[in-house]
Undergrad: 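Quick one: the structure is below, questions incoming.
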Amino acid sequence: MFKNNIHEIPTARSWETRVSAMPNIPRGEKGFQQSLHSILIELKKGTPINTKLKILGSKSENTLEDLLIRLRPSGIVKKMMTGWEVSKEADNWLELGEDLYLAAILNGNIKFFSEILAALSQESKPIKELRELASVQYRLDWKTKSEILARLNWLKDLGLIVYEDFAMKYSITEEGLEFLDLVGFIKGDELEKHTDSTISENEVLLSSWAEDFCKLSKEDKEDRKTSIGYSPGNVQAVHNTILDYLLMMNNSSEINTIVEYSSITYGISESSTKAFLSTLVHLGLIERKTKTSYQTSKLGRLFPTENFEIDFACCINKKYSFVFEILFELQKEELNAKQLAVIAKVSYDFPSEDTTNINKRLRILKNAKLIQESGMNLYGLTKRGFNFCEKFKDCYLVTLLDNGRKQDNEKEFKENIEMYTILNELRNASRDSTNPDRFELVLSKAFGILGFKSDWIGGAGKTDILVQAATSPKFSYKVAVDAKTTYSGGITEGQINFDTITDHRKKHNADYSVIVGREFQGERLIERAIKHNVGLLDIGSLEFLIKMHIEVPLKSDSYRRIFNQRGIVDIQLIEEDRRKIVRDGDLLQSIMKCLSEESEDPLTEGIMQPREIYLLLKNEFKIGPSPTIEEIKQILEFLASPLIGCIGVTKEGYYAMGSLTDAAQKFEFYLKACQRD
């Protein structure tokens, strides 16, 4: 037990919720504990938080609040609506003056503290070995030795370890062994058993308003942004950073005051502060009261809530896309940030495969205990995450992989899921340079979506994929497709043997040669591709072609324009064909609508000539350029054909034989007939 008869050891957090950073306060000439004592006494005395504190033996100058902000993650101080307070445990330490009790507070809130003592209890170790232990067994991948060194300095000041100058190693003291026996430690090989602190939860606890936030309307989905705005400080504690600002702006605050606070607390510029304020306004957490002042909104005043982290995640999800959707992706399989970035790009219209924005989302979800690290750079759901998916599956499953565009029938929904699965695999496989077959296989499927007969061949002396237009041999054409993978960056000239590409085209009697890869770099590569009559099709362009084909399917003749190019392929060459199909569809709909509406006209009795339809439709914006009478006649003849039978014909003209809905049902019937096995 502790020397001064302390009744209980401070409560320790679960390993997952402990912080990774030691309190970054001045050390001073009498050690960290004396510096900490001075800071907490000043807080209890009511010293203004903007007062600069002098720590004996330290040249650094920090305000009291700056030091309190650094201490808060370790559970030593708290920031409440009424201001800063010393925690109950830290108050006990001030009263009893027992360093082992302070060590227990730190150990219960910070990762890899008593674990160092456990390692040293076996034998003395240098700092390098302790850092490796933290990385390998505890997945604490610190880029520098500063965090290890900070722990060692605290442990030395607390009398738990000593440094052996002659051996350049650290060893544990008798007091360190006593402390270790008292508080215990987490074993690295048992860490997986301790990571999910929500394992016993059976329901998701969140505020009622936050639950409403989870149920997104169509307008909410359309308004959500992809890039989460700027926030100062450590991304791991973004919710606490935002809370600080909300408390500070509880009363209307001038921009100059906010800028000064940001500069002193986080060392950020005026422009960065204004960017952050824009983020808070977008989240609905603050309001602009005047041209130069801001105030916490009604929503912002709800924080901190009892379920702070998950309620905050609900706010983020409402304003930014692909947040809770990540949970449903992880429900299917564990993924890393790069794989999630691919899904965001392909399925949720993110502008690029940006892992920075994905990592922000992962940190917010991790803080809310909805996900956890399940392996090296892998993430999986916690029990709370699984409970969330079950609770809100009706709100999100329908939007997965179709970005909110609900399909009309189950078959279409499944086809859309299949398409996005292939597009996701395209991007991931294009990076898998150790397994080129993976990329070739998914490429073969991708060209199949475009309506081609696509054969995966591969092997020495052969093209990877042979693509053939699915039409009469007289009008068909073949494309020899070679797939190139690269882990990072783009395909360069040195990775391609153009003589081999030419041989593949000749061997398979193909009309065109195309290389497909992530992206292509270098003028010399493009020049050689042009010289050898080879097209270069990047993944982004192929992805766009597939998405557009699902929306507006083109004939193989249109795609010939793609394969007939040399060098970098320009997919805009088929845009005119696409616009023509869209325009014909709009014109068909307008003609049917026109005839249906005229059915109730007592003068015409619903019978119209092509010229009369032209006069009614020529100024209709939806159709774009005015349709010609010849175009109108062609569509009328198509709709009047015995197979379609949507309109009738007399000597006086054409008339509708049902409503627009009746016509749609007939087209749907023929569509299903074409899809039957």
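Throughout, numbering of the chain's residues begins at 1 and tracks the sequence. Note that the structure is predicted; figures quoted are calculated from it, not measured.
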Undergrad: Of all the heavy-atom pairs spanning C594 and L616, show the shortest one and how long it is.
TA: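 Looking at all heavy atoms of both residues, the closest pair is SG-CD1, 3.5 Å.
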Undergrad: So, R224 and D220, do they make that salt bridge, N to O below 4.0 Å?
TA: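 Here R224 does not pair with D220 in a salt bridge, since their nearest N and O are not under 4.0 Å apart.
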Undergrad: Between OG of S590 and CG of L617, what distance do you get to the nearest 0.5 Å?
TA: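 S590 atom OG to L617 atom CG measures 6.0 Å (nearest 0.5 Å).
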Undergrad: Decide ring pair (Phe, Tyr, Trp, His ring centres under 6.0 Å) for F388 and F324; before the verdict, give the C-alpha distance in whole Å, the side-chain angles of both, and the deciding distance to 0.1 Å.
TA: CA-CA 9 Å; F388 184 96; F324 286 158; 4.5 Å; yes
Undergrad: Mark yes or no for whether N357, through its side chain, and I228, through its backbone, hold a donor-acceptor pair below 3.5 Å.
TA: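 Here the side-chain-to-backbone pair exists.
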Undergrad: Working note: D499 + T502, criterion side chain to side chain donor-acceptor pair (under 3.5 Å); need CA distance, chi angles, decisive distance, verdict.
TA: CA-CA 5 Å; D499 292 333; T502 301; 5.4 Å; no
Undergrad: Judged by modelled atom types alone, do E493 and Q495 share a side-chain donor-acceptor pair under 3.5 Å?
TA: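 There is no such pair between these side chains.
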Undergrad: Check whether the side chains of T500 and D503 place a donor and an acceptor atom closer than 3.5 Å, and report yes or no.
TA: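 There is no such pair between these side chains.
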Undergrad: Given 3.5 Å as the limit, does a donor-acceptor pair link the side chain of D455 with the main chain of I457, or not?
TA: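 No, D455 side chain to I457 backbone: no donor-acceptor pair under 3.5 Å.
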Undergrad: For E425 and K445, run salt bridge (Lys or Arg N to Asp or Glu O under 4.0 Å): C-alpha distance rounded to whole Å, both residues' side-chain angles, the deciding distance at 0.1 Å, then the answer.
TA: CA-CA 11 Å; E425 175 64 4; K445 294 178 180 178; over 6 Å; no
Undergrad: Yes or no on side-chain contact (heavy atoms from CB on, under 4.5 Å) for W456 and V442, after CA distance, side-chain angles and deciding distance?
TA: CA-CA 9 Å; W456 177 33; V442 72; over 6 Å; no
Undergrad: Side-chain donor-acceptor contacts of residues 462-470 below 3.5 Å, not counting sequence neighbours, with atom names and distances?
TA:
residue, atom, partner, partner atom, Å
T463, OG1, V481, N, 3.3
T463, OG1, V481, O, 3.0
T463, OG1, D482, OD1, 3.3
D464, OD2, A483, N, 2.7

Undergrad: Can you confirm whether D511 sits close enough to V479 that some side-chain heavy atom of one is under 4.5 Å from a side-chain heavy atom of the other?
TA: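 They are not in contact (no side-chain heavy atoms under 4.5 Å apart), so the answer is no.
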Undergrad: What is the minimum heavy-atom distance between A210 and D311, and which atoms define it?
TA: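 Looks like CB-OD1, 3.3 Å.
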Undergrad: Is C646 close to M657 at the side-chain level, that is, under 4.5 Å between some pair of heavy atoms?
TA: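 Contact flag for M657/C646 side chains = no.
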Undergrad: Is there a side-chain contact between W209 and C315 (heavy atoms, below 4.5 Å)?
TA: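 Side-chain contact under 4.5 Å: yes.
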Undergrad: Going by the side chain to side chain contact (heavy atoms under 4.5 Å, CB included) test, name the single residue among T628, I635, I629 that passes it with E631.
TA: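 Of T628, I635, I629, side chain to side chain contact (heavy atoms under 4.5 Å, CB included) with E631 is met by T628 alone.
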Undergrad: Determine whether the aromatic ring centres of F392 and F328 lie less than 6.0 Å apart.
TA: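 They do not qualify: ring centres at least 6.0 Å apart.
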Undergrad: For T226 and Y348, run side-chain contact (heavy atoms from CB on, under 4.5 Å): C-alpha distance rounded to whole Å, both residues' side-chain angles, the deciding distance at 0.1 Å, then the answer.
TA: CA-CA 8 Å; T226 56; Y348 294 90; over 6 Å; no
Undergrad: Counting only N and O atoms by type, is there a donor-acceptor contact under 3.5 Å from the side chain of S347 to the main-chain atoms of A344?
TA: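 Not at all, since once roles are kept as given, no pair shorter than 3.5 Å links the two residues.
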Undergrad: I want to check a possible cation-pi pair here: K225 against Y320, using under 6.0 Å from ring centre and within 45° of the ring axis as the test.
TA: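 No; the conditions do not both hold, so K225 does not lie above the ring face of Y320.
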Undergrad: Can a salt bridge be assigned to the pair K338 and E353 using a cut-off of 4.0 Å between side-chain N and carboxylate O?
TA: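 No salt bridge links K338 with E353.
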Undergrad: Consider side chain to side chain contact (heavy atoms under 4.5 Å, CB included). Of I526, I530, V534, L536, which one does R566 pass it with?
TA: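 The residue from I526, I530, V534, L536 that satisfies side chain to side chain contact (heavy atoms under 4.5 Å, CB included) with R566 turns out to be I530.
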Undergrad: Looking only at heavy atoms, what is the nearest atom pair of F447 and L537, with distance?
TA: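 Answer, listing the atom of F447 first, then L537: CZ-CD2, 4.4 Å.
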Undergrad: Output yes when R579 and E576 qualify as a salt bridge under the 4.0 Å nitrogen-oxygen rule, no when they do not.
TA: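 Yes, charged N to carboxylate O under 4.0 Å.
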Undergrad: Is there a side-chain contact between L340 and E329 (heavy atoms, below 4.5 Å)?
TA: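 Yes, side chains in contact.
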Undergrad: Pair I491, R518 - check side-chain contact (heavy atoms from CB on, under 4.5 Å), show working.
TA: CA-CA 7 Å; I491 308 297; R518 188 168 191 79; 5.6 Å; no
Undergrad: If we ignore angles and hydrogens, is there a donor and acceptor under 3.5 Å between the side chains of T434 and D432?
TA: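 Looking only at side-chain atoms, D432 and T434 do form a donor-acceptor pair, the distance falling under 3.5 Å.
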Undergrad: Any side-chain hydrogen bond (donor to acceptor under 3.5 Å, both in side chains) pairs touching residues 644-656, not counting sequence neighbours?
TA: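 Found T650-E652.
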Undergrad: Please evaluate residues I647 and L595 with respect to the criterion side-chain contact (heavy atoms from CB on, under 4.5 Å), reporting the C-alpha separation (whole Å), side-chain torsions for both, the decisive distance (0.1 Å), and the verdict.
TA: CA-CA 8 Å; I647 63 175; L595 289 172; 3.6 Å; yes
Undergrad: If you compare all heavy atoms of I343 against all heavy atoms of N424, which two are closest, and at what distance to 0.1 Å?
TA: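 Scanning both residues completely, I find the closest heavy atoms to be CA-OD1, 3.4 Å.
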Undergrad: Which distance, rounded to the nearest 0.5 Å, do you find between the CG of D577 and the CG of L554?
TA: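 One finds 6.0 Å between CG of D577 and CG of L554.
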Undergrad: More than 12 non-hydrogen atoms from neighbouring residues, nucleotides or ligands closer than 6.0 Å to NZ on K633, yes or no?
TA: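 At most 12 heavy atoms, drawn from other residues, nucleotides or ligands, come within 6.0 Å of this atom.
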Undergrad: How many angstroms lie between atom CZ of R561 and atom CG of D570, to the nearest 0.5 angstrom?
TA: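 Interatomic distance, R561 CZ to D570 CG, rounded to 0.5 Å: 12.0 Å.
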Undergrad: Quick check: do F544 and I539 have side-chain heavy atoms less than 4.5 Å from each other?
TA: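 A side-chain contact is absent here, since even the closest heavy-atom pair is not under 4.5 Å.
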Undergrad: Could you grab the distance from atom CD1 of I574 to atom CD1 of I562, nearest 0.5 Å is fine?
TA: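 I574 CD1 to I562 CD1: 4.5 Å, rounded to 0.5 Å.
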Undergrad: Any Lys/Arg nitrogen of K345 or D354 sitting under 4.0 Å from an Asp/Glu carboxylate oxygen of the other?
TA: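 Salt bridge: no.
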Undergrad: Test of understanding: with side-chain hydrogen bond (donor to acceptor under 3.5 Å, both in side chains), list the residues that count as partners of S454, not counting sequence neighbours.
TA: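 Partners of S454 under the side-chain hydrogen bond (donor to acceptor under 3.5 Å, both in side chains) test: S444.
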Undergrad: Is there a side-chain contact between T486 and S433 (heavy atoms, below 4.5 Å)?
TA: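 Heavy-atom side-chain distance check fails, nothing below 4.5 Å.
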Undergrad: Could you tell me whether a side-chain N or O of E612 sits under 3.5 Å from a main-chain N or O of Q609, the two making a donor and an acceptor?
TA: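 Side chain of E612 to backbone of Q609, a donor-acceptor pair under 3.5 Å: yes, one is there.
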Undergrad: So that I can tick it off, tell me whether E287 and K298 are bridged by a salt bridge, with the cut-off set at under 4.0 angstrom between side-chain N and carboxylate O.
TA: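 Result for this pair is no, no salt bridge flagged.
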Undergrad: In Å, rounded to the nearest 0.5 Å, how long is the span from CG of L362 to CD1 of I371?
TA: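 These two atoms lie 4.5 Å from each other.
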Undergrad: For the OG atom of S278 and the CD1 atom of I286, what is their distance to the nearest 0.5 Å?
TA: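 One gets 8.0 Å once the value is rounded to the nearest 0.5 Å.
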Undergrad: For S321 and F350, work out which heavy atoms get closest and say how close.
TA: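 So the two residues come closest at OG-CE1, 3.4 Å.
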Undergrad: Hey, are the side chains of R361 and I326 touching, using non-hydrogen atoms and a 4.5 Å cut-off?
TA: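 Heavy-atom side-chain distance check passes, below 4.5 Å.
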Undergrad: Indicate yes or no for a side-chain donor-acceptor contact from K547 to the backbone of V346 under 3.5 Å, with no hydrogens or angles considered.
TA: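 Such a contact is found between K547 side chain and V346 backbone.
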Undergrad: I need the minimum non-hydrogen distance between G461 and K507, along with the two atoms involved.
TA: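 Closest pair (atom of G461, atom of K507, distance): O-CD, 3.3 Å.
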Undergrad: Could you check F452 against F563 for ring pair (Phe, Tyr, Trp, His ring centres under 6.0 Å), going step by step and ending with a plain yes or no?
TA: CA-CA 13 Å; F452 291 97; F563 302 121; 5.7 Å; yes
Undergrad: Give me the ring orientation class for H549 and Y559: parallel if the planes are under 30° apart, tilted from 30 to 60°, perpendicular past 60°.
TA: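 Answer is tilted, since the angle falls between 30° and 60°.
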Undergrad: State, yes or no, whether a side-chain contact exists between N317 and L216 at a heavy-atom distance under 4.5 Å.
TA: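 Yes. Closest side-chain heavy atoms under 4.5 Å.
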Undergrad: For the residue pair Y477 and Y512, categorise the inter-ring angle as parallel (less than 30°), tilted (30 to 60°) or perpendicular (more than 60°).
TA: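 Because their plane-to-plane angle is over 60°, the rings of Y477 and Y512 count as perpendicular.
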